[in-house]
Amino acid sequence: MSLSQFIPFLPEIFLAVAGFAILLAGISLGKRGARGLSLLSLGSLAVTAILIWVVGRPVEGAHTILGGMLFVDTFAVYFKLLTMTASGIVLLMSAGYLERSDYSPGEFDALILFATLGMMIMASGANLVSLYVGLELMALSQYVLVGYFKLELKSNEGAVKYFVLGALSSGVLVYGISLLYGALGTLDLGAIRAALTASDTVNWTLNLGIILVGFGMLFKVAAVPFHVWTPDAYEGAPTPVTAFISVGPKAAAFAMFLRLFLGAFHPELAQWRIVMWIAAAATVIYGNIAALTQDNVKRMLAYSSIAHAGYALIGIVAGTAMGLWSVMVYMLIYTFMNLGAFGFVIMLETRGYAGERVGDYAGLAKRHPGAAAGMLIFMLSLAGIPPTAGFMGKLYVFSSAVQAGYIWLVVIAVVMSAVSLYYYFRIVVEMYLKDGDEDEPAPLVRDRWLDAMIGLCVFVTLFLGVYPAPVVGLAQSGVHALGLG
Amino acid sequence: MNPTMIPIPSAWILYLSAVLFVIGAIGVLLRRNGISIFLALELMLNSANLAFASFAFRFAGASATAAHALNGQIFIFFIIAVAAAEAAVGLALFIAMYRRKETIDVDRFNILRW
């Protein structure tokens with residue numbers, strides 16, 4: 001037991017310490033230091049990223065650290081950097097929002113950092129113990145964040161519903177893990193894969209274990225029929241939190257999902273493909289249909305995020321190397337376009353929960369053409385129209401499924417993408433074709449940081465739409481880490 | 001070991017854990033009182049603990065698999081720790097709710113469409 005084995009774990013240790021420091025700084029600063037604390041939190045994320053670059057880079061030969069608890073591979077680094085970027089953008093978006101609210105920013109920023117730490121562990125977990133602890137660290141931080149506006153009934157209610165269903169799902173997950181342990185005697189992902197490859201006997205304990213773990217993961221990515229928490233948690237949460245839980249934790253949950261089902265359980269995947277197929281099809285259909293009737297923009301984006309989880313699941317159904325990297329690319333693209341869309345909702349919310357109705361967007365293009373153009377790009381990208389990144393993401397995922405022979409699933413997904421045009425364009429129509437209430441024009445939040453972050457999201461969405469090669473290359477280097485060849 | 005004492009077969013413990021898990025899951029879904037839901041959640045987590053313990057007990061019984069026993073026993077401690085953290089967060093959320101509504105009956109949490 002030498003100290004040197006903790007060196008590759010330094011980024012996580014640093015982030016945990018920084019989280020506590022910001023928690024304490026937040027208590028002593030009170031409400032004043034929102035922007036300073038955001039910058040400080042962003043700085044600690046940046047230092048963590050540098051530390052990952054310096055000490056946590058994947059080294060040939062040494063694939064796990066801390067006695068086989070965590071992987072150090074390109075797959076982990078990809079998702080770590082992705083979730084950290086998402087958290088950083090949310091931190092900058094939320095600073096002004098928290099200044100305008102009655103709540104202190106210290107705990108908020110610290111909770112975002114703790115959730116990020118959990119997501120980093122989920123991205124790199126090599127053992128069901130570390131994956132479970134990382135997942136719970138992320139989930140517990142999220143429950144508190146959703147209920148952060150503790151005097152708002154909506155926020156309370158969203159948090160309680162999220163907590164009850166989230167805890168239920170982790171109960172299911174952990175019972176599934178116990179059955180897996182009983183069948184195989186190990187919790188190590190590599191050993192699980194080896195044991196599954198070696199034996200071909202049908203074992204009900206093992207099968208039940210895998211299916212329960214699968215249910216737990218489907219809940220975390222908000223797939224049908226485990227999606228019921230999503231609209232309520234998204235609507236009730238403060239908007240920066242909604243932006244956060246719709247991207248970072250979803251990407252981390254997909255990282256864990258990929259690690260388990262395309263990594264450890266891969267030899268058994270053929271058996272579960274039909275379950276995944278049904279879940280993916282149901283998620284795409286239900287998410288898009290339910291979004292059609294929503295008048296609340298946050299709720300509409302919640303159903304849209306359910307639909308996008310369904311699109312990403314298609315890559316897991318494909319189960320090939322391309323399926324894997326296309327999901328990785330999709331999560332990155334989804335992160336930027338969804339954060340941008342939620343950033344725009346934050347912009348409209350001058351106070352409390354105002355500006356969430358679709359009608360609040362009427363005539364926006366006349367008064368604020370720049371902002372409306374940004375939202376137009378995010379809506380186009382979410383609907384999957386070229387030349388935006390959303391189109392490229394869908395193209396990769398769908399072609400991986402076509403190559404693997406799941407034509408019907410792709411047909412369903414393409415038809416439902418066409419349906420999704422309706423609800424995304426409702427907002428565009430409101431902005432561009434309707435006349436707003438001239439007497440009382442909807443004010444926009446003036447916040448340079450928020451503008452900058454939305455600008456960044458616009459840039460990435462457009463850039464990856466025309467030149468996705470760098471991200472595809474990065475994701476492809478992660479394929480090898482999961483042993484998909 | 002006392003010859004009159006017959007050890008409980010580990011499969012029975014496993015069945016008990018499955019029954020507790022199902023009771024817990026049904027309780028979470030059907031109970032309306034926040035505290036009852038909480039108890040049901042704890043029941044689910046502890047049923048997993050019981051399953052881990054019974055599997056570890058079975059592994060420890062045979063020398064070929066004795067090395068596996070530790071994995072499950074360690075996981076139990078992590079579940080206990082996480083359950084404690086979950087209780088802290090969950091009760092805090094229920095208290096925040098109670099302060100606003102003076103009830104923890106989840107049927108009354110109906111501003112957001114379920």
Side-chain angles (χ1 to χ4, degrees), chain A residues 127-130 132-133 135-137 139-144 146-147 149-168 170-188 191 205 208 212 228-229 231-236 296 299, chain B residues 10 14 17-18 21 24-25 28-29 34 37-38 40-56 58-59 65 67-69 71-72 74-76 78-79 81-83 85-90 92-101 104 106 108-114:
Chain A
N127 190 298
L128 289 170
V129 176
S130 48
Y132 172 66
V133 173
L135 179 79
E136 287 296 320
L137 177 56
L140 292 175
S141 313
Q142 282 186 80
Y143 304 146
V144 182
V146 170
F149 283 8
K150 62 182 178 193
L151 299 178
E152 299 276 356
L153 215 42
K154 253 181 163 182
S155 181
N156 291 158
E157 191 178 318
V160 166
K161 287 177 176 174
Y162 190 18
F163 168 76
V164 168
L165 293 173
L168 176 73
S170 44
V172 171
L173 180 78
V174 90
Y175 199 77
I177 293 175
S178 81
L179 293 180
L180 271 178
Y181 166 71
L184 300 170
T186 178
L187 296 165
D188 182 79
T205 319
L208 196 59
L212 289 182
V228 282
W229 59 276
D232 290 339
Y234 279 32
E235 189 187 343
N296 183 302
R299 226 176 156 80
Chain B
S10 67
L14 199 57
S17 88
F21 178 77
V28 174
L29 296 174
I37 289 175
F38 224 87
L41 286 173
E42 294 294 315
L43 203 56
M44 285 178 76
L45 289 176
N46 283 315
S47 75
N49 277 345
L50 202 55
F52 269 116
S54 91
F55 283 127
R58 184 190 284 174
F59 286 133
T65 55
H68 294 161
N71 285 331
I74 286 174
F75 207 116
I76 294 174
F78 280 95
I79 296 179
V82 166
E86 207 165 70
V89 168
L93 293 176
F94 277 119
I95 288 172
M97 193 78 209
Y98 184 79
R99 281 194 179 144
R100 301 282 303 148
K101 287 203 93 162
I104 49 169
V106 289
R108 300 273 309 278
F109 298 180
N110 49 12
I111 314 172
L112 307 165
R113 279 168 294 166
W114 180 265

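Keep in mind it's a predicted model, so treat the numbers as computed, not measured. In what follows, every chain begins at residue 1, and chains take the letters A, B, ... in the order their sequences are listed.
Residue with the most contacts toward chain B among V174(A), N127(A), L153(A): L153(A) (heavy-atom pairs, distance under 4.5 Å). Ranked by heavy-atom pairs under 4.5 Å with chain B, the first of G185(A), G166(A), G176(A) is G185(A). Ranked by heavy-atom pairs under 4.5 Å with chain B, the first of L137(A), V144(A), V164(A) is V164(A). Listed options L41(B), I76(B), L45(B) were ranked by heavy-atom pairs under 4.5 angstrom with chain A; first place goes to L41(B). Chain A forms more heavy-atom pairs under 4.5 Å with one residue of A96(B), G72(B), A25(B) than with any other, namely G72(B). Among M44(B), E86(B), R58(B), the residue making the largest number of heavy-atom pairs under 4.5 Å with chain A is E86(B).
Between L135(A) and L173(A) there is a side-chain heavy-atom pair separated by less than 4.5 Å.
Both the backbone and the side chain of S47(B) have a heavy atom closer than 4.5 Å to some heavy atom of chain A. A18(B) touches chain A through backbone and side chain together, each having a heavy atom under 4.5 Å away. With a 4.5 angstrom heavy-atom cutoff, F59(B) touches chain A only via side-chain atoms. Interface remark: A88(B) contributes no atoms to any contact with chain A (heavy atom separation under 4.5 Å). Neither the backbone nor the side chain of I104(B) has a heavy atom closer than 4.5 Å to any heavy atom of chain A. Contact of I177(A) with chain B is made through backbone and side chain together, with heavy-atom distances under 4.5 Å. When heavy atoms are compared at a cutoff of 4.5 Å, V146(A) does not approach chain B at all.
By the neighbour-count criterion of 12 heavy atoms within 6.0 Å, atom NZ of K101(B) is densely surrounded, having more than that number from other residues, nucleotides or ligands.
Here CD1 of I74(B) is found 12.5 Å from CD1 of I79(B). Values are rounded to the nearest 0.5 Å. Taken to the nearest 0.5 Å, the CD atom of E157(A) stands 7.0 Å off from the CG atom of D232(A). For the atom pair L187(A) CG and Y132(A) OH, the distance stands at 12.5 Å (nearest 0.5 Å). Taken to the nearest 0.5 Å, the CG atom of N71(B) stands 13.5 Å off from the CZ atom of F55(B).
Below 30°, between 30° and 60°, or above 60°: for Y162(A) and Y143(A) the angle between ring planes is above 60°, a perpendicular geometry.
In terms of modelled atom types and a separation under 3.5 Å, the side chain of R100(B) and the main chain of E152(A) share no donor-acceptor contact.
Among residue pairs with one or both ends in residues 171-183 of chain A, those qualifying as side chain to side chain donor-acceptor pair (under 3.5 Å) are Y175(A)-S17(B); sequence neighbours excluded.
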